[in-house]
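Single-structure report; data block below.
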There are 2 protein chains.
Amino acid sequence: MNRAIQEQFEARARVLKALAHPTRLFIVEELSKGERCVHELTDQIGADMSTVSKHLSVLKGVGIVRDEKRGSQVFYSLRMGCVLDFFDCVEAVIRGGDDATCKPRKRKVQRL
Amino acid sequence: MNRAIQEQFEARARVLKALAHPTRLFIVEELSKGERCVHELTDQIGADMSTVSKHLSVLKGVGIVRDEKRGSQVFYSLRMGCVLDFFDCVEAVIRGGDDATCKPRKRKVQRL
DNA sequence: TGGCTATTTGGTAAAATGGCCAAGGGTATG
DNA sequence: CATACCCTTGGCCATTTTACCAAATAGCCA
């Protein structure tokens with residue numbers, strides 16, 4: 001496998017890896033409803049705030065979320081809403097249905 | 001976070017985690033062109049066959065691929081082609097473009 | 001300034017992951 | 001039957017990931 005191709009798959013894997021954690025998936029879903037500060041997310045998740053902060057930094061690292069500091073709080077929002085489209089397919093995989101059970105949700109392309 | 005919800009995000013994470021590896025992404029892309037036996041994939045990947053076999057077993061474990069033994073060979077094929085849809089969005093994330101740069105590919109829902 | 005809230009960063013221990021080698025079980029072939 | 005091939009599994013080690021605590025940083029307000 002040639003080097004450039006290899007690098008491309010590694011880049012893809014980095015993005016998927018960033019999503020491949022229950023807490024981070026929860027964060028993505030939550031942010032799809034609107035921006036949230038670290039404190040709010042921490043309350044819902046019930047882990048240490050430092051843990052949540054690190055999860056957010058992983059998502060930010062690959063460009064899935066964006067942060068904005070306002071006052072003493074940092075608000076996170078979804079930058080790539082397209083990742084939400086994964087969920088229908090993922091659910092279909094979980095159900096073990098065939099490919100046809102994966103109906104893409106109607107997505108309005110929205111600037112977040 | 002309630003227990004059932006928690007479990008749902010864990011299930012989703014298991015599927016994404018199965019995809020979150022360069023070699024496994026390569027396998028998925030390769031299988032999208034048609035079934036392949038372990039030997040063929042091993043040649044292309046250039047790793048030990050046992051390593052490739054384990055990657056295939058991870059993909060099979062979550063239901064993304066299917067295996068079929070014929071003679072002394074085992075042929076793997078893509079069971080959930082919908083995962084291919086992820087790639088456009090993932091590429092958009094890599095490019096760092098905004099959401100709109102993620103154009104869903106025209107996908108024909110095909111029974112594999 | 002001092003104290004309080006909000007968040008990130010560093011350290012560390014436990015668990016999970018990934019890769020290779022070796023061994024084992026089928027299957028074809030001579 | 002013996003041998004060669006195809007594939008999977010188990011063992012082992014190195015690396016990565018994750019979570020918590022503690023400490024550091026930054027903004028707010030009295």
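Since this is a predicted model, take the numbers as computed values, not measurements. Chain letters run A, B, ... following the sequence lines, proteins first and then strands; every chain starts at 1.
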### Message
Side chain of B/H39 only, heavy atoms from C-beta on: which candidate in D/dC7, D/dT8, D/dC28 is closest?
### Response
D/dC7
### Query
Expressed in angstrom and rounded to an integer, what is the separation of B/D43 atom CG from D/dC7 atom P?
10 Å
### Minimum heavy-atom distance between B/V38 and B/M49, given as atom pair plus value
CG1-CG, 3.8 Å
### Pair B/R12 + A/E29: basic N to acidic O under 4.0 Å
yes
### Query
To the side chain of A/K17, which of C/dT7, D/dT8, D/dT17 is closest?
D/dT17
### Message
Using OP1 and OP2 only, check whether a side-chain N or O of A/Y76 sits under 4.0 Å from C/dT8.
### Response
yes
### Task
Would you please name every residue forming a side chain to side chain donor-acceptor pair (under 3.5 Å) with B/K60, sequence neighbours left out?
B/D67
### Query
Quick one: which of C/dT7, D/dT18, C/dA6 gets closest to the side chain of A/S72?
C/dA6
### Query
Under a 4.0 Å N-O cut-off, is there an ion pair linking A/K33 with A/E40?
no
### Query
C/dA16 C1' sits how many Å from B/E10 CD, rounded?
14 Å
### Message
Does a side-chain N or O of A/H21 approach OP1 or OP2 of D/dT16 to a distance below 4.0 Å, or not?
### Response
no
### Query
In terms of side-chain geometry, is the basic nitrogen of A/R70 or A/E35 positioned less than 4.0 Å from the acidic oxygen of its partner?
yes
Identify the pairs formed between an N or O of the protein and an N or O of nucleotides 20-24 of chain C at a distance under 3.5 Å, and give each distance.
{"residue": "C/dC20", "atom": "OP2", "partner": "B/D48", "partner atom": "N", "Å": "3.3"}
{"residue": "C/dC20", "atom": "OP2", "partner": "B/T51", "partner atom": "OG1", "Å": "2.9"}
{"residue": "C/dC20", "atom": "N4", "partner": "B/K54", "partner atom": "NZ", "Å": "3.0"}
{"residue": "C/dC21", "atom": "N4", "partner": "B/S50", "partner atom": "OG", "Å": "2.8"}

### Task
Please work out if B/F75 contacts a base, only the sugar-phosphate, or nothing of the nucleic acid, heavy-atom cut-off 4.0 Å.
nothing
### Message
Using whole Å, what does the distance between atom P of nucleotide D/dT16 and atom CG of A/L16 come to?
### Response
19 Å
### Query
With a 4.0 Å cut-off on heavy atoms, is A/R70 in touch with a base, just the backbone sugar-phosphate, or nothing at all?
nothing
### Task
Mind calculating the distance between CE (A/M49) and P (D/dA22) to the nearest angstrom?
16 Å
### Query
Separation of A/L41 atom CG from C/dA6 atom P, in whole Å?
14 Å
### Message
Distance check needed: C/dT27 P versus B/Q73 CD, whole Å only.
### Response
13 Å
### Task
Spell out, yes or no, whether A/V58 and A/V83 are grouped together once hydrophobic residues are joined by side-chain heavy atoms under 4.5 Å, including indirect joins.
no
### Between P of D/dT17 and CG of A/L59, the distance in whole Å
14 Å
### Message
So does A/S53 get a backbone contact from the side chain of A/S57, meaning a donor-acceptor N/O pair under 3.5 Å?
### Response
no
### Task
Compare the minimum distances between each of C/dT7, D/dT18, D/dA26 and the side chain of A/K69, then state the nucleotide with the smallest one.
D/dA26
### Query
Separation of B/H55 atom NE2 from C/dA16 atom P, in whole Å?
18 Å
### Query
Reckon A/K60 touches a base, only the sugar-phosphate, or nothing at all at heavy-atom distances under 4.0 Å?
nothing
